[in-house]
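Computed over heavy atoms, backbone and side chain alike; hydrogens, waters and symmetry mates excluded.
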Amino acid sequence: AAGGNFIDTADVYSRWAPGNAGGVSEEIIGRWMKARGNRQDIVLATKARGRMWEGPNGEGLSRAHLMRAVDDSLRRLQTDYIDLYQTHSDDPDTPLDETLTALDDMIRAGKVRYIGASNYKAYRLCGALWTSEKRELARFDSLQPHYNLAHRDEFERELMPLCKDQGIGVIPYSPLAAGFLTGKYRRDHAPEGARADAVKNRYLNDRGFGILDRLDEVAQPRNASVAQVSLAWLLANPVITSPIIGANSVEQLQETLKATEIELSGEEMEKLNQVSAWQ
């Protein structure tokens, strides 16, 4: 209803939860699309790599794992094709040409339309692109990296120029730094919980609080939220295709989507870039 059409998930969600065998997120999305008859309106993305069953091929990017994993995902999603099928992370134990040949075969079979990578280092992504060109195989058309205003160097150092040069779409996850860039963490207040502990260890320092201060400075005159400005900063980067956002309620989603209405000025971008710069 708000105009969004891109949904990203993974087969392993949420296998880490007690009593969860994985695939639950895909099943929910599959039921939702079937009930509404909106499959043709959705750009559907999922991922494979994590352990989904026992045995030597229960995880990884081998042909044996991927061929079973894609069929399982198609069944759970109640569809006969996946728009963007992504390798969830690198698998150094499997040759790149084995992985890419399997993915290419999926495209030729009509099960997958495009392929992407997630959590790849620049040299491995470059190697995959070279392998695809050399072997005349489908290539990764997107990258899903960990990237946000408070976590910049991992993507910007080598991956960003590579994606720009090769025309690779970038769909970063954790664009709000696990909630840190929503403004609910402050010098005098921080939520409790497992996720909060990870945020505290990574972002609750002078640099992190400096970023929040500058976000407040930009957001308040605009009557915007810290989260909206954080997402607008990502959207201002021409390399970024779409940040992958999550929401726990309809209200939270509606508020977050307002980021698309914010166009930061050059001065505002410079302020945010300076305070969050990496060395």
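- Residues Met52 and Val12 have side chains in contact (heavy-atom distance under 4.5 Å, counting atoms from C-beta outward).
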Inset, instruction - Would you check, one step at a time, whether the test side-chain contact (heavy atoms from CB on, under 4.5 Å) holds for Tyr13 with Lys47? - result: CA-CA 10 Å; Tyr13 299 160; Lys47 301 183 283 291; 3.4 Å; yes

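- A salt bridge links Lys258 with Glu255; the closest basic N to acidic carboxylate O contact falls under 4.0 Å.
- With Thr260 contributing its side chain and Leu257 its backbone, the two residues share a donor-acceptor pair below 3.5 Å.
- A distance of 10.5 Å separates OG in Ser174 from CD in Gln144, rounded to the nearest 0.5 Å.
- At a threshold of 4.0 Å, the pair Glu217-Arg214 counts as salt-bridged, since one of the basic side-chain nitrogens sits closer than that to a carboxylate oxygen.
- Between Asn248 and Leu253, the closest side-chain pair of non-hydrogen atoms is not below 4.5 Å.
- In the hydrophobic clustering of this structure, Leu143 groups with Leu129; members are Ile, Leu, Val, Met, Phe, Trp, Tyr whose side-chain heavy atoms approach within less than 4.5 Å, directly or through other members.
- Of the candidates Leu66, Ile115, Thr101, Met106 forms a side-chain contact (heavy atoms from CB on, under 4.5 Å) with just one, namely Leu66.
- Side-chain contact, Asn119 with Tyr173: a donor N or O sits under 3.5 Å from an acceptor N or O.
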Inset, instruction - For the pair Leu272 and Leu215, evaluate side-chain contact (heavy atoms from CB on, under 4.5 Å) and give the outcome as yes or no after the intermediate values. - result: CA-CA 7 Å; Leu272 294 171; Leu215 283 168; 3.7 Å; yes

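- Leu100 and Leu84 fall into different hydrophobic clusters, where Ile, Leu, Val, Met, Phe, Trp and Tyr side chains are chained together by heavy-atom contacts under 4.5 Å.
- A cation-pi geometry, defined here as NZ or CZ lying under 6.0 Å from the six-membered ring centre and within 45° of its normal, does not hold between Arg135 and Trp130.
- Between the side chain of Arg157 and the backbone N or O of Leu159, no donor-acceptor pair lies under 3.5 Å.
- Checking each of Asp71, Asp104, Asp83 against Lys111 for a salt bridge (charged side-chain N to carboxylate O under 4.0 Å, His left out) leaves exactly one that passes, namely Asp71.
- Taking 4.0 Å as the cut-off between side-chain N and carboxylate O, Asp90 and Arg49 do not count as a salt-bridged pair.
- Side chains of Ser25 and Thr9: a donor on one and an acceptor on the other come within 3.5 Å.
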Inset, instruction - Could you walk me through whether His146 and Asn148 pass the side-chain contact (heavy atoms from CB on, under 4.5 Å) test, one step at a time? - result: CA-CA 7 Å; His146 182 189; Asn148 56 62; 3.8 Å; yes

Inset, instruction - Starting from the C-alpha separation in whole Å, work towards a yes-or-no answer on side chain to side chain donor-acceptor pair (under 3.5 Å) for Tyr120 and Ser89. - result: CA-CA 6 Å; Tyr120 272 50; Ser89 61; over 6 Å; no

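- One finds a salt bridge joining Glu268 and Arg222 here, because a Lys/Arg side-chain nitrogen approaches an Asp/Glu carboxylate oxygen to under 4.0 Å.
- Not less than 6.0 angstrom separates the ring centroid of Tyr147 from the ring centroid of Trp278.
- The closest donor-acceptor contact from the side chain of Thr241 to the backbone of Val170 lies under 3.5 Å.
- Heavy atoms only, all atoms of each residue included: Ala117 and Thr87 are closest at CA-OG1, 3.5 Å.
- The aromatic ring centroids of Tyr114 and Phe140 lie 6.0 Å or more from each other.
- Within 6.0 Å of CZ on Arg108 lie no more than 12 heavy atoms contributed by other residues, nucleotides or ligands.
- With 3.5 Å as the limit, one finds no donor-acceptor pair spanning the side chains of Ser73 and Tyr85.
- Between Ser276 and Arg207 there is a side-chain heavy-atom pair separated by less than 4.5 Å.
- Using a 4.5 Å heavy-atom threshold, the side chains of Asp11 and Asp72 count as separate.
- Note: Leu103 CG to Leu137 CG = 9.5 Å, rounded to the nearest 0.5 Å.
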Legend entry - Working for salt bridge (charged side-chain N to carboxylate O under 4.0 Å, His left out), residues Asp41 and Arg36: CA-CA 10 Å; Asp41 302 323; Arg36 286 158 181 77; over 6 Å; no

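- Here the closest non-hydrogen pair linking Ser132 and Arg139 is OG-CA, 3.5 Å.
- A donor-acceptor pair under 3.5 Å is formed between the side chain of Thr79 and the backbone N or O of Tyr81.
- Rounding to the nearest 0.5 Å places CD1 of Ile244 at 4.0 Å from CG of Asp8.
- No more than 12 heavy atoms of other residues, nucleotides or ligands sit less than 6.0 Å from atom NZ of Lys164.
- Residues Ser62 and Glu98 have side chains in contact (heavy-atom distance under 4.5 Å, counting atoms from C-beta outward).
- Cluster membership check: Val229 shares its hydrophobic cluster with Ile240, using side-chain heavy-atom separations under 4.5 Å among Ile, Leu, Val, Met, Phe, Trp and Tyr.
- The aromatic rings of Tyr185 and Phe180 sit tilted relative to each other, their planes meeting at an angle between 30° and 60°.
- Under the 3.5 Å distance criterion, the side-chain polar atoms of Thr99 are matched with a main-chain donor or acceptor of Leu61.
- Few gaps surround CG on Asn201; more than 12 heavy atoms of other groups in view lie less than 6.0 Å from it.
- Distance check: Gln78 CD to Ile29 CD1 gives 11.5 Å after rounding to the nearest 0.5 Å.
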Legend entry - Residue pair Thr46, Gln86: steps toward the side chain to side chain donor-acceptor pair (under 3.5 Å) verdict: CA-CA 6 Å; Thr46 192; Gln86 303 159 97; over 6 Å; no

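- Here the closest non-hydrogen pair linking Arg202 and Asn205 is O-ND2, 3.3 Å.
- Of the possible donor and acceptor atoms, none in the side chain of His88 sits under 3.5 Å from a partner among the backbone N and O of Gly50.
- Of all the heavy atoms in Ala178 and Val199, the pair that sits closest is O-CG2, 3.6 Å.
- The shortest side-chain heavy-atom distance between Cys163 and Met160 does not fall under the 4.5 Å cut-off.
- Side-chain atoms of Val24 and Ser14, non-hydrogen and from C-beta on, never get closer than 4.5 Å to each other.
- Shown here for Leu176 and Ala227, the closest heavy-atom pair between the two residues is CD2-O, 3.7 Å.
- Here the side chain of Asn273 pairs a donor or acceptor atom with the backbone of Met269 at under 3.5 angstrom.
- Gln166 is listed as a side-chain neighbour of Leu162, based on a closest heavy-atom distance under 4.5 Å.
- For the atom pair OG1 (Thr256) and CD1 (Ile245), the distance works out to 5.5 Å, reported to the nearest 0.5 Å.
- Leu44 contributes atom CG, which lies 10.5 Å from atom CZ of Arg113 (distance to the nearest 0.5 angstrom).
- No side-chain donor-acceptor contact under 3.5 Å links Asn57 to the backbone of His65.
- Taken together through direct or relayed side-chain contacts under 4.5 Å among Ile, Leu, Val, Met, Phe, Trp and Tyr, Val226 and Tyr203 form part of one hydrophobic cluster.
- Taking both residues in full, the closest heavy atoms of Ile262 and Gln228 are given as CD1-CB, 3.7 Å, listed atom of the first, atom of the second, then distance.
- Taking the charged nitrogens against the carboxylate oxygens, Arg186 and Asp216 do have a contact shorter than 4.0 Å, which makes a salt bridge.
- Put simply, Val275 and Leu181 are part of the same group of oily side chains (I, L, V, M, F, W, Y) that touch within less than 4.5 Å, one to the next.
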